[in-house]
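Counting starts at 1 for both ligands and their atoms, in listed order. Predicted, not measured: the structure shown is a model, and the values here were computed from it. For the numbers below, each heavy atom of this structure counts, side chains included, while hydrogens, waters and symmetry mates do not.
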Amino acid sequence: MATFYDAIIIGTGQAGPALADRLSRAGMKVAVVERGLVGGTCVNTGCTPTKTMVASAYAAHLARRAADFGLALEAPVRVDLKRVKARKDAVSGASRRSVEQWLQTMPNCTYFHGSARFRSPQEVSVDTNVLAAPKIFVNVGARPRVPVLPGLDQVSYLTSSSLLDLDFLPPHLLVVGGSYVGLEFGQMFRRFGSEVTIIEMGPRLLSREDEDVSTTIQEILEGEGIHLRTNAECISAARQGNQIDLGLNCRTGAPSASGTHLLLAVGRTPNTDDLGLEDAGVARDKHGYIIVDDQLRTNVPGIWALGDCNGKGAFTHTSYNDFEIVAANLLDHESRRVSDRIQAYALYIDPPLGRAGLTDTQVRATGKPVLVAKRPMTRVARAVEKGETQGFMKVVVDRESKQILGAAILGTGGDEAIHSILDVMYAKAPYTVLQRAMHIHPTVSELIPTMLQDLKPLGKS
Ligand SMILES: Cc1cc2nc3c(=O)[nH]c(=O)nc-3n(C[C@H](O)[C@H](O)[C@H](O)COP(=O)(O)OP(=O)(O)OC[C@H]3O[C@@H](n4cnc5c(N)ncnc54)[C@H](O)[C@@H]3O)c2cc1C
């Protein structure tokens with residue numbers, strides 16, 4: 001016998017709990033199902049724990065630079081990973097408990113702990129319970145992808161989740177994957193005191209970013225003593241005593257790299273394979289992402305997919321924005337769409353990269369005549385005062401409409417400063433609005449209007 005609800009939400013990531021709150025406050029009887037830890041990836045194994053640890057790594061880095069700021073430390077900096085982990089667990093645990101409490105206090109909401117599986121378009125089983133509802137929202141997220149590599153079954157490896165459980169320092173961490181997760185962990189563990197080698201299959205780090213962004217990040221990481229290997233086209237693994245040997249087959253450099261621990265950071269797989277989607281008739285693409293339209297509806301009426309599992313975003317803010325779109329359309333009679341949002345994200349190495357809108361390559365593909373301005377962080381007073389002058393900021397503008405098409409701030413405070421550009425983009429205002437704004441001194445943001453006085457055609461320096 002099924003128990004009937006107005007809505008079932010599968011997964012408590014960044015969209016599920018917020019949606020449960022809106023629906024239950026609108027008077028709907030809601031069931032929420034979670035098989036793992038409440039709060040999902042961001043809270044437990046993603047943003048919150050990693051950025052908490054990035055803060056520890058930054059503190060260690062600054063302490064090592066004490067002399068640059070006129071301070072004398074009596075002893076060399078030593079990182080106690082047990083305490084770093086305890087701090088991370090406390091921050092992440094508090095965040096999880098607050099989501100748990102939120103769910104417990106929602107009116108009309110029943111929480112089920114277990115794995116949900118579709119039985120039909122309107123029915124879901126959770127262990128021995130059968131739940132039925134005319135509206136079902138899937139927010140099941142994704143997990144670390146484990147690639148097929150020769151010899152991988154002979155060695156033990158870490159993922160972005162299991163690495164967070166380490167309470168000791170790996171002497172030499174090999175990181176396979178030179179993208180966001182690999183670089184954040186790579187720099188973090190280097191600053192904790194590990195030897196780090198980052199191995200990337202492509203010709204450069206962060207292949208989706210502009211070349212100047214990739215190159216500068218490479219210089220920053222190499223400057224901290226991280227070994228980088230690109231063009232590692234055929235990676236294989238083997239155990240040699242206590243060491244892990246990776247065969248790389250790179251075009252340049254040694255044909256292998258050895259370390260004590262191995263982190264696989266090569267992307268994520270959506271948690272859609274054991275959800276019984278075939279029994280509900282819900283279509284997935286060849287990578288396993290649930291196919292949705294611009295309003296996050298699947299091909300089956302009454303079923304929506306939100307967050308990482310729909311392939312329309314891979315961030316906390318995209319998942320939360322999915323919730324806002326679905327809630328506004330269902331409850332507020334609006335017509336919000338995924339295509340209304342502007343791509344934006346940050347990479348939390350130090351200094352961070354804040355990104356908004358199109359990259360240079362995407363801009364070129366539009367064929368529009370554009371103007372570009374760029375300014376090194378050495379010419380940003382705030383960065384000089386803080387002794388953090390690595391990186392640059394740049395912006396690309398449509399020459400005819402004067403609207404900003406894209407921007408990158410790789411530098412201290414870049415993750416925050418990018419928002420003044422992003423908001424002007426959302427306002428669809430010409431760049432001149434930002435150019436004439438009076439910003440506060442001394443900030444990184446104050447140089448954005450100044451940079452905009454320097455616009456030149458793309459391709460000319
Ligand atoms: C190391 C790392 C760092 C990151 N850092 C950032 C960052 O700095 N900024 C940022 O914006 N994003 C970051 N992300 C990405 C971010 O964590 C995710 O995009 C975000 O959590 C959105 O996820 P979601 O809402 O799709 O679902 P998730 O948070 O993944 O939650 C899905 C939930 O569904 C549950 N579930 C799955 N299947 C079932 C089932 N059958 N039945 C019941 N429950 C089920 C899972 O247990 C999980 O709790 C990071 C990710 C990683 C891995």
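- Residue, atom and distance of the protein heavy atom nearest to atom 2 (C) of ligand 1 are Gly46 CA, 3.5 Å.
- If you run side chain to side chain donor-acceptor pair (under 3.5 Å) between Thr197 and each of His227, His172, Arg229, only His172 comes through.
- Of the listed residues (Asp415, Val124, Thr316), the one carrying the non-hydrogen atom nearest atom 11 (O) of ligand 1 is Thr316.
- Across every non-hydrogen atom of Val32 and Cys109, the tightest pair is CG2-SG, 3.7 Å.
- At a 4.0 Å heavy-atom cut-off, ligand 1 does not touch Val43 at all.
- Ligand 1 is approached by Leu37 to a heavy-atom distance shorter than 4.0 Å.
- Among all protein heavy atoms, the one lying closest to atom 41 (N) of ligand 1 is Ala116 O, 3.1 Å.
- Residue Val282 comes nearest to Asn299 through the heavy atom pair CA-OD1, 3.4 Å, listed as atom of the first residue, atom of the second, then distance.
- Distance from atom 44 (N) of ligand 1 to its nearest protein heavy atom, with residue and atom name: Arg35 N, 3.2 Å.
- A donor-acceptor contact closer than 3.5 angstrom is absent between the side chains of Gln187 and Tyr348.
- Residue contact check: Ala314 has heavy atoms under 4.0 Å from atoms 15 (C), 19 (O) of ligand 1.
- Of the options Glu184, His317, Glu34, the smallest heavy-atom separation from atom 33 (C) of ligand 1 is shown by Glu34.
- Residue-ligand proximity, Gly114 to ligand 1, at heavy-atom distances under 4.0 Å covers atoms 42 (N), 43 (C).
- Using a 4.0 Å cut-off between a side-chain N of Lys or Arg and a carboxylate O of Asp or Glu, Arg22 and Asp332 qualify as a salt bridge.
- Annotation: atom 22 (C) of ligand 1 to nearest protein heavy atom, Asp308 OD1, 3.6 Å.
- Between Asp415 and Lys51 there is no salt bridge, since no side-chain nitrogen of the basic residue lies less than 4.0 Å from a carboxylate oxygen of the acidic one.
- Exactly one of Lys312, Arg341, Arg297, Arg337 qualifies for a salt bridge (charged side-chain N to carboxylate O under 4.0 Å, His left out) with Asp322. That residue is Arg341.
- Atom CZ of Arg239 sits in a crowded spot, with more than 12 heavy atoms from other residues, nucleotides or ligands closer than 6.0 Å.
- With sequence neighbours left out, the ring pair (Phe, Tyr, Trp, His ring centres under 6.0 Å) criterion links Phe315 to His317, Tyr345.
- Looking at Thr41 against ligand 1, both its backbone and its side chain come within 4.0 Å, counting heavy atoms.
- Close approach of ligand 1 to Ile10 (heavy-atom distance below 4.0 Å) involves ligand atoms 40 (C), 42 (N), 43 (C).
- The closest approach between Arg268 and ligand 1 falls below 4.0 Å for a heavy atom of the residue.
- Residue-level proximity to ligand 1 for Tyr348 is carried by the side chain, the only part with a heavy atom below 4.0 angstrom.
- Of all atoms in ligand 1, numbered sequentially from 1 with element shown, those under 4.0 Å from a heavy atom of Leu275 are 41 (N).
- Here's the thing with Asp274: none of its N/O atoms is less than 3.5 angstrom from an N/O atom of ligand 1.
- On a distance-only criterion, Cys309 and ligand 1 share no N/O pair closer than 3.5 Å.
- Interface of Gly13 with ligand 1, defined as ligand atoms under 4.0 Å from a residue heavy atom, comprises 25 (O), 27 (O), 28 (P), 29 (O), 31 (O).
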Working for side chain to side chain donor-acceptor pair (under 3.5 Å), residues Asn271 and Arg143: CA-CA 7 Å; Asn271 292 322; Arg143 59 181 184 273; 2.9 Å; yes
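- Applying the disulfide bond (SG atoms under 2.5 Å apart) test to pairs two or more places apart or on separate chains, none has a residue in residues 114-159.
- Exactly one of Val444, Asp350, Thr389, Val380 qualifies for a side-chain contact (heavy atoms from CB on, under 4.5 Å) with Thr412. That residue is Val444.
- Between Glu224 and the options Arg191, Arg65, Arg190, a salt bridge (charged side-chain N to carboxylate O under 4.0 Å, His left out) holds for only Arg191.
- Scanning the protein heavy atoms around atom 27 (O) of ligand 1, the nearest turns out to be Gly141 CA, 3.5 Å.
- The contact set between ligand 1 and Thr50, taken as ligand atoms under 4.0 Å from a residue heavy atom, comprises 1 (C), 3 (C).
- The nearest heavy-atom contact from the protein to atom 13 (C) of ligand 1 is Cys47 SG, 3.4 Å.
- Ion pairing between a basic and an acidic side chain is recognised when a charged N comes within 4.0 Å of a carboxylate O; Asp167 and Lys88 show no such pairing.
- Ligand-side atoms of ligand 1 in range of Asn139: 24 (P), 25 (O), 26 (O), 27 (O), 32 (C), 33 (C), 34 (O), range being under 4.0 angstrom from any heavy atom.
- Residue contacts with ligand 1, taken as heavy atom pairs separated by less than 4.0 Å, involve Ser319 solely via side-chain atoms from C-beta onward.
- Taking atom 37 (C) of ligand 1 as the reference point, the nearest protein heavy-atom neighbour is Val140 O, 3.2 Å.
- Taking atom 21 (O) of ligand 1 as the reference point, the nearest protein heavy-atom neighbour is Cys42 N, 3.1 Å.
- Shown in contact with Lys51 at under 4.0 Å from a heavy atom are these atoms of ligand 1, numbered in order with element: 5 (N), 6 (C), 7 (C), 8 (O).
- Nearest heavy-atom pair, Ala18 versus Tyr320, reported as atom, atom and distance to 0.1 Å: CB-CE1, 3.9 Å.
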